[in-house]
Amino acid sequence: MTGAIQHFGVIGVFVLMVPESACIPVPSEATLLFSGYAVQKGWMSFPLAVLAATSGNLVGSLLAYVLGASRILDRNPAARTVLGRWEILLDRHGLRAVFIARLLPLARTFVSLPAGARHVPLLPFIVLTTFGCALWAAAFVLGGVVAGTGWEAVASMLGRALLVAGLVVLALSVLRRRGAR
């Protein structure tokens, strides 16, 4: 991952950020923290790092939006259940849910699927996704700038914390589902 950024610069940042928003849980935090390190070293500028990350997230989000709109995932019972829960959140909170999800680990990766399935209007989706992803990217790139050479330790700790949080949410979801039966 770091080699792609070192070798390809902002293009590497863009390419690494696309899968994260296309529902492939690639850790954007590590990509962005290393991008901040690259900014600190003068390999790229802060605005270009944020722009590349935001653009990559937008492309990945649009791919997931189209997948959600296709309703292909309705054939999978587990995906249908998850999409149903997200659609309830979108009904309850409207477009605000898209923006807020962009600021939350894990939720940011998958919100485009239900937004597409729910046919959230494309222009507001793009605007909210862009602003939310830009804030996310700016915060983590800045964190990488501040962390400097200690970025690997920060990325490792953050990755572990997010993994544990994701596993806890998954376990609670399974337990809750079993309790409902």
- request: Work out which heavy atom in Cys23 is nearest to a heavy atom in Thr109; give both atom names and the distance.
  value: SG-O, 3.5 Å
- line: Between the CG atom in Leu58 and the OG1 atom in Thr130, the distance rounded to the nearest 0.5 Å is 4.5 Å
- request: Mind listing the closest non-hydrogen atom pair of Leu32 and Ala137 along with its distance?
  value: CD1-CA, 3.7 Å
- prompt: If every non-hydrogen atom of Ile5 is compared with every non-hydrogen atom of Ala38, which pair is closest and at what distance?
  reply: CG2-CB, 4.4 Å
field: Connected via hydrophobic side-chain network under 4.5 Å: Phe131 and Leu135
entry: yes
- request: Kindly state each residue pair satisfying ring-ring contact (aromatic ring centres under 6.0 Å, His included) with at least one member in residues 100-124, sequence neighbours excluded.
  value: none
message: Please determine whether residues Leu16 and Val145 belong to a single hydrophobic cluster, defined as Ile, Leu, Val, Met, Phe, Trp and Tyr linked transitively by side-chain heavy-atom distances below 4.5 Å.
response: yes
query: With ILVMFWY side chains joined below 4.5 Å, transitively, what does Val66's cluster contain besides itself?
result: none
- prompt: Is Thr129 close to Asn57 at the side-chain level, that is, under 4.5 Å between some pair of heavy atoms?
  reply: no
- request: Indicate if Met17 and Val39 have the same hydrophobic cluster label, given that clusters are the connected sets of ILVMFWY residues with side-chain heavy-atom separations under 4.5 angstrom.
  value: yes
field: Set of residues satisfying side chain to side chain donor-acceptor pair (under 3.5 Å) with respect to Ser112, sequence neighbours excluded
entry: Arg102
- request: Could you work out the complete set of other residues in the hydrophobic cluster of Ile88, with links drawn between I, L, V, M, F, W and Y side chains under 4.5 Å apart?
  value: none
message: Applying side chain to side chain donor-acceptor pair (under 3.5 Å), can you list everything that pairs with Asp74, at least two apart in sequence or on another chain?
response: Arg71
query: Quick one: side-chain contact (heavy atoms from CB on, under 4.5 Å) partners of Leu73, sequence neighbours excluded?
result: Leu67, Ala79, Leu83, Leu113
message: Quick check: is Leu62 connected to Val127 through a chain of hydrophobic side chains (ILVMFWY, heavy atoms under 4.5 Å apart)?
response: yes
task: Mind running side chain to side chain contact (heavy atoms under 4.5 Å, CB included) on Trp136 and Ser28 for me, showing each step along the way?
output: CA-CA 9 Å; Trp136 179 267; Ser28 67; 3.1 Å; yes
query: Which ring-ring contact (aromatic ring centres under 6.0 Å, His included) pairs, counting each pair once, include a residue from residues 52-93, with sequence neighbours left out?
result: Tyr65-Phe125
query: Would you call Val10 and Phe14 a side-chain contact if the rule is heavy atoms closer than 4.5 Å?
result: no
Salt bridge (charged side-chain N to carboxylate O under 4.0 Å, His left out) pairs, two or more places apart, involving residues 14-25: Glu20-Arg108
message: Hydrophobic clustering (ILVMFWY, side-chain heavy atoms < 4.5 Å, transitive) - are Ile126 and Leu103 grouped together?
response: yes
message: Looking at every heavy atom in both Gly143 and Leu33, which two are closest together, and how far apart are they?
response: C-CD2, 3.8 Å
- request: Give every residue pair that meets the salt bridge (charged side-chain N to carboxylate O under 4.0 Å, His left out) criterion with at least one member in residues 89-98, sequence neighbours excluded.
  value: Asp91-Arg118
- prompt: Distance from Leu89 atom CG to Ile100 atom CD1, nearest 0.5 Å?
  reply: 10.0 Å
For residues 43-56, which side-chain N or O atoms pair as donor and acceptor with protein atoms under 3.5 Å away, sequence neighbours left out?
unit_1	atom_1	unit_2	atom_2	d
Ser45	OG	Leu48	N	3.2
Thr54	OG1	Val50	O	2.8
Ser55	OG	Leu51	O	2.8

Listed partners of Val15 passing side-chain contact (heavy atoms from CB on, under 4.5 Å), at least two apart: Ile11
- prompt: Among pairs that include at least one residue of residues 137-148, which meet side chain to side chain donor-acceptor pair (under 3.5 Å), considering only residues two or more places apart or in two chains?
  reply: none
